[in-house]
Amino acid sequence: MCGIIGYTGTKQAVPVLISGLSALEYRGYDSAGISVYEEGIITIKTEGRLKNLTNRIKAGRKIKGHTGIGHTRWATHGEPSERNAHPHLSSRLSLVHNGIIENYQELEQMLSSEGYRFRSETDTEAAAHLIDYFYKQSKDPVAALHAAARAIRGSFAFAVMFKGDRENLYAVRSGSPLICADTPNGSYLASDIPAILPFAKEYYQLPENVVAVLSPKGINFFTADGAEIIPEKSQITWSVEAAKKCGYNHFMLKEINEQAEALRNTVLPRLRDGVPYFDCDILDRNIEEIGEIKIIGCGTAMHAGLVGKNVIERFARIPVSVEIASEFRYGNPILRKDTLVILISQSGETADTIAALELAKSAGAKTLAIVNVLGSTISRLADYVIYTWAGPEISVASTKAYTVQCAVLYQIAFKLALVRHQISEGQCRDLCERQANSLPAAIDAALKMSGRIKRLSEKIAEYENLFFIGRGIDAEICKEGSLKLKEISYIHSESYPAGELKHGTISLIDANVPVIAVITVSQVLDKTISNVREVKSRGATVFSVCTKAAAEAVEPMSDYTLVLPETDEIFAPVVAIIALQILAYYTAVARNCDVDKPRNLAKSVTVE
Ligand code: F6R
C-alpha cells in the first residue's frame, strides 16, 4: 500500500518521479506528492488521483532538479487530503513513508515538547520530525535514520531528502518493502518493481534496518553498527510491456486475458520427464516428511489455498487446513514437526502473511512460499519457495495470480499423490500433460465467450445483492467469484455451499436476489440441481455457469445458462473462475466503476 519512488542522477527528476508514480498508482490513489531539489526542496501535493498532481505540475513553472522523491497514498491515518499527503516536511528534510507507525502518539508528545509543530493528522509526520530531531543532534543523515528506526514501532519504508544535501537520497525500511537500483544514469528507489521497470534491469531489496545512501554515482548500504554491506542483487524478469495496458481498457481485462500464457509459463518449466519437479528439497527429495499441510494467505491467495486443499486431499490423501493469515497470526496454531506450512502471496509483501510465516517458522514448522514477486520478503523468509510466473499484476483485483497459484497447488497435489502411491506415474504424467496443454486451450476458449458473458453481466449489474452457490470445489470457486464481483462492482454478494442455503440463508432469496450457480462437479450434480430448484421456486433469477454435462439438467430451471468450454472435470473449476472474472469485470464496467482502482482498496496490503 502506498507507492514510493525516488531518483537522483543525470536526468530531470520530475518525469522520472511521475513515471514511477503512474506505475505505482495501484498501490494507493487518494493523494499524491513529490519533492524535488531545485535551489532548495520544492514540494507539490494534491488530493485525489495522480492526474491532479500532474495537472498542478503542468500548470506551474517548470521544476528543474535532478534529485527527488514521490508518493502515492492509501490513507491509514488521517483523511485523504492535501495536508495529509506525502511528502511530509520537517525543518531540515522532506520524507515519504509506507507502513504504519504504531507509537506515533508517544513520539508526537516527545517531539512537541522539543518544539516541533504538527500540521497533519498522519502518523508519518512524527517520523519526519523524529529524523529531523536526531539529525539536528548528529548532523549525520545515516545515524539519524538508524536512530529513528530504533525508536519507531510498527512498519515503515522511508525515503528522505535533506536540505543542503542536493544529490543524495536516504532510505531505511522495516516490514514494508523498498528496492533500490543503480544505473549509469543515476540511482532509483521504489516500493515496487513496476516503478523502475523502464530504467533498470536489476535491483537490491533493501535489507531491514539498513540505511541506503543513493547518489548519482551509486548506492551504499550501512548497517546499524556502521558496517558497509553489499546486499544481493535480483534480476528483473518482467518486461516493460508487461506493466502496460497494451490496448486494453483496463489492466484487469489484460490480466484476465494473459491467464493461459501465465499458466503455461508456471507449469511447463516444472515438468521433468512429464511429472512435477520443483527444484525444492521438501517437494522433490524429502516429500515423505510431510504429514499434514496448512495453507495460509489472505483474500484471493487464501481462496487459491481452498482449491489447493480440495485437490491435495483428493489426490494425495494428506490432511490440509486453510487459514486466513490475519487469524492464524493471533491464533494458537498447532504445528507438528511434519506440518508443511504453505504461504501463498502474489506480492510476497502482505504483512499478515509475513507475520504468519514468521510464527510458523518460530514454531519449527517447515515453510514453503508460493509467490509471484522475485526476491520479495516472503520468498526470502520461507524455507522453500516456488515462484509463479504470472508477470506483474497491476490490477488491484487479482486474477492471473490466482490461476497460477491454483496451478502450482494442483502440481503439488499430483506430486504428493505420486510419491504416496495414490496415482501411478502414467496417471501423473497424464494429469500434468492435460494441465499444461488442454487446460490453457480451455481457458482461451472461455475468453472467447466474453461477448456472451458481457451480456449476462449487463443483467447482473441491475441487482444490489446476489448469491453464488456451488458444491465441493465449485463452492471454493464461488468464494473467489463473489470476492471479484464485490470488490470491483460494489454489488453485495455472498458465496454459499449450495447445500447450506436452506439452513437459514435461503430466507434472503426473492425476486430481487439472483443466484449464480457454478456446476462442474458431476458427483454432486443432482444435489446441486436440487438446490437450484429450491432457489428458483423462491423467485430467484438463476444464472448457471456449468459444464456441458450439467447443462441439460439445469437448463429447465435456469434463466440464463453459460456452458463452459469442455475440459477434464478436475480442471473445469479453473475454467469456471475465468468466466466469473469476466462476469465481474463487465458488471463493474456496466456500473461505471473504476475497475482497476476500486474504492477503499489498494494492491499489496503491507499493513496489518
Ligand atoms: C483480491 C486481492 C486480494 C489479495 C490479498 C493478498 O482481488 O487481490 O484479496 O489476494 O490482499 O495479496 P497477496 O497475494 O499479494 O498476498
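Ligands are counted one by one from 1 in listed order, and the atoms in each one are counted from 1 as well. Quick note: numbers below take in every heavy atom, side chains included, and nothing from hydrogens, waters or symmetry partners.
Under the 6.0 Å cut-off for aromatic ring centres, His250 and Tyr585 qualify, their centroids lying closer than that. Between Tyr402 and His303, the gap from one ring centroid to the other reaches at least 6.0 Å. In summary, the aromatic rings of Phe414 and Phe315 are positioned with their centroids under 6.0 Å apart.
The cationic group of Arg73 does not satisfy the cation-pi geometry with Tyr29, failing either the under 6.0 Å distance to the six-membered ring centre or the 45° limit from the ring axis.
Between His303 and ligand 1 there is no heavy-atom distance shorter than 4.0 Å. Every heavy atom of Leu601 sits 4.0 Å or more from the atoms of ligand 1.
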How far apart are the C-alpha atoms of Thr505 and Tyr496, what are their side-chain angles, what is the distance that settles it, and do they pass the side chain to side chain donor-acceptor pair (under 3.5 Å) test?
CA-CA 9 Å; Thr505 320; Tyr496 254 75; 3.1 Å; yes
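Checked against a 3.5 angstrom limit, the closest N/O atoms of Val396 and ligand 1 fall inside it. Ligand 1 has no nitrogen or oxygen under 3.5 angstrom from a nitrogen or oxygen of Gln405. Below 3.5 Å of separation, one finds an N or O of Ser347 facing an N or O of ligand 1.
Within ligand 1, counting atoms from 1 as listed, the ones closer than 4.0 Å to a heavy atom of Gln346 are 13 (P), 14 (O), 15 (O), 16 (O). Atom numbering of ligand 1 starts at 1 in the shown order; those under 4.0 Å from a heavy atom of Glu487 are 1 (C), 7 (O). Within the listing of ligand 1, atoms 1 (C), 7 (O) sit less than 4.0 angstrom from a heavy atom of Lys484. Near Ala397, meaning under 4.0 Å from one of its heavy atoms, ligand 1 places the atoms 7 (O). Within ligand 1, the atoms closer than 4.0 Å to a non-hydrogen atom of Ala301 are 10 (O), 14 (O), numbered from 1 in the order shown. Using a 4.0 Å cut-off to heavy atoms of Gly299, the atoms of ligand 1 that qualify are 9 (O).
For the pair Ile570 and Tyr410, the tightest heavy-atom approach, listed with the atom from each and the gap, is O-OH, 2.7 Å. Taking both residues in full, the closest heavy atoms of Phe328 and Pro333 are given as CE1-CB, 3.4 Å, listed atom of the first, atom of the second, then distance.
Tested against Gln205 for a side chain to side chain contact (heavy atoms under 4.5 Å, CB included), the candidates Glu232, Arg380, Lys233 yield a single pass: Arg380. Of the residues listed (Ile256, Thr567, Asn257, Leu263), the one engaging Ile443 in a side chain to side chain contact (heavy atoms under 4.5 Å, CB included) is Leu263, and it is the only one.
The protein non-hydrogen atom at the shortest distance from atom 5 (C) of ligand 1 is Cys298 O, 3.5 Å. Val605 CG2, 4.1 Å is the protein heavy atom nearest to atom 11 (O) of ligand 1. Looking from atom 2 (C) of ligand 1 to the surrounding protein, the closest heavy atom is Thr300 OG1, 3.7 Å. For atom 16 (O) of ligand 1, the closest non-hydrogen atom on the protein side is Thr350 OG1, 2.5 Å.
The pair Glu462-Lys459 fails the salt-bridge criterion, with no side-chain N (NZ, NE, NH1 or NH2) lying under 4.0 Å from an Asp/Glu carboxylate O.
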